[in-house]
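What you see is a predicted model; the values in this text were computed from it and never measured. All values below come from the heavy atoms of this structure, side chains included, with hydrogens, waters and symmetry mates left out. In what follows, every chain begins at residue 1, and chains take the letters A, B, ... in the order their sequences are listed.
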Amino acid sequence: MDIAFIAQIFPKLLAGLPLTLLLAVLSLLGGGLIALGLSGLRASSWIGARVADFYVYIFRGTPLLIQIFLIYYGLAQFPAVRHSVLWPLLREPYVCAVLALMLNDGAYTSEILRGGLRAVSTGAIEAARVSGMTRLTMLRRIVLPLAFRQALPAYGAEITSMVKATSLASVVTLMEITGIARAEVSETYRAIEIFLCAAAIYLVLVTVIARAVDWLEQHLSPYRRPTGARSLA
Amino acid sequence: MKPITVRLTDIRKSFGGQEVLRGVDLAARDGDVIAIIGASGSGKSTLLRCIPLLEIPDQGEVSVGDAQIRIRDSGHRFSRAERQTVRRLRGQLGFVFQSFNLWPHMTALQNVMEVPLHVQGRPRAECREEAEAMLAKVGLADKFDAWPAHLSGGQQQRVAIARALAMRPRALLFDEPTSALDPELVGEVLRVIRALAEEGRTMLIVTHEMTFAREVSNQAIYLQDGRVEEQGPPEQVFLDPQSERCRRFVGMSRGEG
Ligand SMILES: Nc1ncnc2c1ncn2[C@@H]1O[C@H](COP(=O)(O)OP(=O)(O)OP(=O)(O)O)[C@@H](O)[C@H]1O
Ligand SMILES: [Mg+2]
């Protein structure tokens with residue numbers, strides 16, 4: 001391996017890190033809102049629940065890459081879209097990538113949220129109800145904190161998988177880490193070094209996130225540890 | 001006579017066509033300790049859960065302190081004002097569940113402080129002081145910061161009792177408070193409830209602990225098929241009931257115990 005070459009390629013790839021993180025953060029934020037919307041829809045009515053189920057079915061059942069292609073190449077096929085006020089936005093590969101990532105993340109996150117909510121025991125809810133709490137207080141103090149703690153490990157996995165999924169944005173010309181790596185490879189033909197460097201950056205990112213989520217879980221749910229854990233550790 | 005704290009009038013309730021409560025009346029005066037007994041499936045839990053409207057009766061009237069709710073038919077939808085009344089009614093009751101139902105993400109102290117602080121809006125320092133006093137009262141002065149998952153069943157139930165007390169309720173409702181406990185932990189919880197009775201608290205207790213029920217109550221109710229079959233002082237209901245079915249029930253329980 002050529003250390004000098006690696007030392008030279010690393011900073012170039014790292015220049016794509018901000019875009020990678022931005023894509024991940026925006027799609028997680030958007031996806032989170034979509035997930036909340038879906039869970040509201042689910043609670044609203046039978047029809048609402050079926051619509052939410054269908055949404056989740058479609059977005060979890062098809063490859064993210066195809067979803068990105070459909071939004072990037074597909075939307076332009078509709079004259080209505082091309083003539084809409086949103087077209088200058090929807091023409092941007094950046095917007096299309098974020099849109100696809102967030103729609104996809106919303107589907108996964110809504111299932112994670114659903115699992116978390118289902119795990120809140122009816123006993124805890126009844127104890128809240130019988131104490132005279134309003135629905136809002138109950139949601140804020142009991143239901144969401146418990147659902148969040150329950151869902152945290154699965155959501156941590158979703159965060160890391162979204163960070164990795166941002167690399168697909170390179171196929172619609174975005175110059176995040178993977179996009180830069182592909183460009184460098186086509187110039188230098190040194191695929192192994194460059195892609196290994198890119199992989200290393202993702203690996204570090206994912207490790208840091210996983211650790212942070214672990215820490216948060218320990219911090220929020222110390223009661224999940226058996227009593228003796230502290231002395232054993 | 002002391003004022004009536006909890007009153008149920010002609011409570012009826014069905015689950016999917018099965019009539020579980022067929023017109024139950026009940027009045028607890030200030031300081032009363034009412035034991036509710038009956039065979040499994042006779043409607044004891046349903047009756048007790050109707051008081052804080054955890055179960056909505058199909059028909060009847062529930063009043064607790066100054067809050068009163070009247071339900072005329074089973075399709076009843078609560079108006080905004082009624083929902084507020086329901087919360088006010090619940091705020092005057094402390095409910096202790098068979099399975100404790102502590103909030104697992106809060107310590108013992110946080111569990112006890114939660115309602116005074118976040119529902120009743122009392123000052124934090126006062127809530128804390130009172131919560132500590134309540135936990136000390138149920139014998140858990142050394143467990144303020146313990147998580148429910150790290151407590152024994154008996155300890156969890158005592159936290160649940162402290163939580164109910166911290167609401168400053170007019171009446172305490174117990175639904176088989178010791179049925180989920182290992183036999184060796186039953187005593188510690190019954191002792192706490194007995195002490196509360198001696199303080200003059202108003203309580204309604206559903207229980208299968210016949211000796212305890214007889215000793216602690218000043219009134220007993222025997223439910224059968226959703227009706228009050230026998231009612232009176234504990235000496236009568238437990239030792240010399242008028243009703244043949246009640247006689248058989250308490251006789252059987254004595255035989256077992
Ligand atoms: N939520 C519900 N849905 C349907 N049926 C119910 C429900 N709750 C209670 N029942 C039925 O109502 C009847 C009375 O139940 P309840 O729990 O009040 O009896 P109980 O006297 O408390 O019995 P136990 O001593 O076993 O606790 C039972 O037949 C039960 O199956
Ligand atoms: Mg019961």
Can a donor-acceptor pair be found between the side chains of [X] and [Y] at a distance below 3.5 Å?
| X | Y | value |
| --- | --- | --- |
| A:Tyr55 | A:Ser110 | no |
| B:His105 | B:Gln110 | no |
| A:Gln67 | A:Thr62 | yes |

Under 4.5 Å from any heavy atom of chain B - which part of A:Ser121:
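Contact with chain B involves no heavy atom of A:Ser121 at all.
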
Where on A:Arg149 is there a heavy atom nearer than 4.5 Å to chain B: the side chain, the backbone, both, or neither?
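The side chain, not the backbone.
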
With a 4.5 Å heavy-atom cut-off, do A:Phe59 and A:Leu64 have their side chains touching?
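Counting from C-beta outward, A:Phe59 and A:Leu64 never come under 4.5 Å.
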
Of all of B:Gln84, B:Met106, B:Met167, B:His118, which one pairs up most often with chain A through heavy atoms under 4.5 Å apart?
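Most heavy-atom pairs within the cutoff with chain A belong to B:His118.
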
Chain A heavy atoms under 4.5 Å from [X]: which part of the residue, side chain, backbone, both or neither?
| X | value |
| --- | --- |
| B:Pro169 | neither |
| B:Arg83 | neither |
| B:Arg49 | side chain |
| B:Gln120 | neither |

Tell me which of these, A:Val120, A:Ile125, A:Leu146, A:Thr122, has more heavy-atom pairs under 4.5 Å with chain B than the rest.
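With the most close heavy-atom pairs to chain B, the winner is A:Leu146.
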
Would you please classify the geometry between the A:Trp215 ring and the A:His219 ring as parallel, tilted or perpendicular, with 30° and 60° separating the classes?
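Plane angle under 30°, so parallel.
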
Heavy-atom donor-acceptor pair, B:Glu61 side chain to B:Ile69 backbone, under 3.5 Å
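Between the backbone of B:Ile69 and the side chain of B:Glu61 there is no qualifying donor-acceptor contact (under 3.5 Å).
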
